Amino acid sequence: QSVLTQPPSASGTPGQRVTISCSGSSSYIRSNTVDWYQQLPGTAPKLLIFSNNQRPSGVPDRFSGSKSGTSASLAISGLQSEDEADYYCATWDDSLKGVVFGGGTKLTV
Amino acid sequence: QVQLQQSGPGLVKPSQTLSLTCAISGDSVSSNSAAWNWIRQSPSRGLEWLGRTYYRSKWYNDYAVSVKSRITINPDTSKNQFSLQLNSVTPEDTAVYYCARKGDIGYLDLWGRGTLVTVSS
């Protein structure tokens with residue numbers, strides 16, 4: 001069982017806006033920043049959002065992230081068919097000195 | 001352009017040692033700002049961080065509690081790569097194994113393509 005909780009699935013139609021939540025205990029999300037990773041079918045995860053709300057170069061501004069307290073969210077606006085993927089949140093575990101992941105959310109467009 | 005190239009066997013027998021290598025191009029395993037990680041993914045366990053190695057005037061390692069007694073991650077500066085060894089494997093260790101870098105942004109900003117490792121006799 002993952003230490004970060006995500007809904008197993010989400011869906012939307014092209015052009016819509018969807019949000020994916022990620023919640024965890026205060027020892028995780030409250031204390032550290034949150035990343036989001038996108039995993040397209042058959043590929044490795046790719047960094048989508050870092051430091052709660054920052055986009056790496058090349059990531060469209062349709063993707064945005066936020067964090068409040070012990071929860072974080074990923075929002076995707078103007079949904080496109082190519083956004084169909086698994087999305088994972090992640091943060092740092094200070095005691096583990098390692099990354100902890102959410103269970104992933106499968107987005108269907 | 002930084003790339004991570006994974007190599008290693010896709011089939012390991014129970015009780016034996018799983019060994020994978022991640023070759024780095026475009027960056028250095030001895031970088032004072034990067035850390036080199038191994039992560040695995042399976043349907044039952046999801047994404048699971050296994051450990052990392054990094055250099056900050058000397059070499060450091062951190063390992064996940066779940067595998068701490070069985071895992072070794074070593075840098076190889078002569079070949080600019082790092083390796084994963086997981087001892088005494090069982091079918092529960094069957095997973096896709098990824099190497100990944102912690103660079104300037106995010107926790108894991110660059111990933112290898114992954115290697116499916118099956119533990120079976």
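None of these values were measured; they are calculated from a predicted model. Residue numbering restarts at 1 for every chain, and letters A, B, ... go by the order of the sequence lines.
With hydrophobic clusters built from ILVMFWY side chains whose heavy atoms lie under 4.5 angstrom apart, Tyr88(A) does not share a cluster with Leu110(B).
If you run ring pair (Phe, Tyr, Trp, His ring centres under 6.0 Å) between Trp38(B) and each of Tyr63(B), Tyr97(B), Trp111(B), Phe82(B), only Phe82(B) comes through. When each of Leu11(B), Val96(B), Val12(B), Val89(B) is tested with Val117(B) by the rule side chain to side chain contact (heavy atoms under 4.5 Å, CB included), just one qualifies, namely Val12(B). When Asp35(A), Thr33(A), Asn32(A) are each tested for a side chain to side chain donor-acceptor pair (under 3.5 Å) with Tyr107(B), only one passes: Thr33(A).
The nearest pair of heavy atoms linking Arg101(B) to Leu4(B) is N-CD1, 3.9 Å. Taking every heavy atom of both residues into account, Pro56(A) and Phe50(A) meet most closely at N-CE2, 3.7 Å.
For Thr43(A), the part lying under 4.5 angstrom from a heavy atom of chain B is the backbone only. If you measure heavy-atom distances from Gln39(A) to chain B, the contacts under 4.5 Å come from the side chain alone.
For the residue pair Thr21(B) and Gln81(B), no side-chain donor N or O sits within less than 3.5 Å of a side-chain acceptor on the partner.
In terms of heavy-atom pairs under 4.5 Å with chain A, the best-connected choice from Leu47(B), Ile39(B), Asp109(B), Asp62(B) is Leu47(B).
Identified by a heavy-atom distance below 4.5 Å to chain B, contributing residues of residues 4-16 of chain A are lacking entirely. At a heavy-atom cut-off of under 4.5 Å, chain B is reached by Leu96(A), Lys97(A), Gly98(A), Val99(A), Phe101(A) from residues 93-102 of chain A, listed in order of number.
Ring centroid separation for the pair Tyr60(B) and Tyr54(B) comes in under the 6.0 Å cut-off.
Around atom CZ of Arg113(B), no more than 12 heavy atoms belonging to other residues, nucleotides or ligands sit under 6.0 Å away. Counting non-hydrogen atoms of neighbouring residues, nucleotides and ligands closer than 6.0 angstrom, the CD atom of Gln85(B) exceeds 12 such neighbours.
Here Glu48(B) contributes atom CD and Gln41(B) contributes atom CD; the two are 11.0 Å apart, rounded to the nearest 0.5 Å.
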